[in-house]
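Structure record follows, encoded as structure tokens.
For this chain, numbers begin at 1 and follow the sequence in order. Computed from a prediction, not measured in an experiment: that's the story for all the values here.
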Amino acid sequence: AGSASGFADIEAFNGSVGMTVSVIGGGGGHGGNGGSAFGSTMSGSGNNASSGNTATASGTAINHAVPIAFGVGSVDMSVNARGGGGGWGGVAGAVSDGAVPGSSGSAGSGAEAFLDTVYGASTAGGDVWVSGDAFGGSGGTAIGDGSAGSGASISLIDKVGGDTTGSLTLIQQAIGGSGGGAEIGT
């Protein structure tokens, strides 16, 4: 399994600063389907899917510009990380003429998302708006009797910060991934 990461570091001395960092982990691969069976044989079982990939994002923006006009010297930044979703479980092969069906594969779990430092500042007293969001990947869907994938949990504690003598707005949001669906499995 791979991972995705992104980072931006901006320092300005004139004007205002606007910055967005978005990182999205890749989705997990789907499980392969089982082969068909005829007569008194058993069909092939579906394969398990892989889990999504993690995502980590961070950013720092510092503005030293003197706020001589509205908006000058300000910082407006958003940093987002989204974990990849789990793959779908493989389906058991088709059966006919009394053949026994194999089992379906399990779906992959969603991946976690992480925020490192998310910080914005205006040394000249401009307005600062900083937002950091982490979204857990959703679990994959299971077809047949396979198990659904779990959604990823997310935890953020004091990841977003800022400094200014002007207006300071800090937003931190953590949203866990939803669990996958299952046709008849768990």
Side-chain angles (χ1 to χ4, degrees), residues 1-11 17-35 43-62 75-93 102-120 129-162 169-186:
S3 63
S5 62
F7 171 79
D9 187 5
I10 298 174
E11 191 165 3
V17 173
M19 177 177 81
T20 300
V21 177
S22 293
V23 179
I24 301 172
H30 302 307
N33 295 333
S43 73
S45 294
N47 291 312
N48 294 333
S50 61
S51 297
N53 296 298
T54 60
T56 303
S58 61
T60 302
I62 300 174
V75 172
D76 184 358
M77 66 180 289
S78 177
V79 176
N80 307 292
R82 182 177 301 273
W88 287 43
V91 179
S103 58
S104 296
S106 295
S109 297
E112 294 180 299
F114 303 96
L115 292 181
D116 284 337
T117 301
V118 180
Y119 177 80
W129 185 90
V130 182
S131 175
D133 305 306
F135 302 92
S138 296
T141 298
I143 305 297
D145 62 353
S147 297
S150 300
S153 299
I154 299 295
S155 177
L156 297 177
I157 300 172
D158 296 334
K159 295 295 184 180
V160 176
T169 303
L170 303 175
I171 301 168
Q172 179 173 287
Q173 181 174 235
I175 298 176
S178 59
E183 186 176 37
I184 59 174
T186 57

* Closest heavy-atom contact between Gly29 and Ser50? -> N-OG, 2.7 Å
* If you measure from CG on Asp76 to CH2 on Trp129, what distance do you get to the nearest 0.5 Å? -> 5.5 Å
* Asked: With no hydrogens and no angle check, is any side-chain donor or acceptor of Asp145 less than 3.5 Å from a backbone partner on Ser103?
  -> no
* **Flag for Thr117-Ser58: side-chain donor and acceptor within less than 3.5 Å** => no
* To do: Drop me the distance from Ser51's OG to Glu112's CD, to the nearest 0.5 angstrom.
  => 11.0 Å
* Asked: Got a second to check how far Leu115's CG is from Ile154's CD1, nearest 0.5 Å?
  -> 8.5 Å
* Structure fact -> Looking only at heavy atoms, the pair that brings Ala111 and Ala152 closest together is O-CB, 3.1 Å
* Asked: If you round to the nearest 0.5 Å, how far is CD of Gln172 from CG of Leu156?
  -> 5.0 Å
* To do: Could you give me the CA-CA distance, side-chain angles and deciding distance for Phe135 and Gln173, then say whether side chain to side chain contact (heavy atoms under 4.5 Å, CB included) is met?
  => CA-CA 8 Å; Phe135 302 92; Gln173 181 174 235; 4.1 Å; yes
* Structure fact -> Separation between OG (Ser22) and CG (Asn80), nearest 0.5 Å, reads 4.5 Å
* Please answer whether the main-chain N or O of Ser106 pairs with a side-chain N or O of Asn48 as donor and acceptor at a distance below 3.5 Å. => yes
* Heavy-atom closest pair, residues Ala113 and Gly83 -> CB-N, 3.6 Å
* Atom CE in Met77, atom OG1 in Thr60: separation rounded to 0.5 Å? -> 6.5 Å
* Would you say the side chain of Val160 lies within less than 4.5 Å of the side chain of Ile171, judging by non-hydrogen atoms? -> no
* **Heavy-atom closest contact (Gly144 atom, Ser104 atom, distance)** => CA-OG, 3.6 Å
* Closest heavy-atom pair and its distance - Ala107, Ala142 -> CB-N, 4.1 Å
* Identified side chain to side chain contact (heavy atoms under 4.5 Å, CB included) counterpart of Arg82 within the set Val23, Asp133, Ile24 -> Ile24
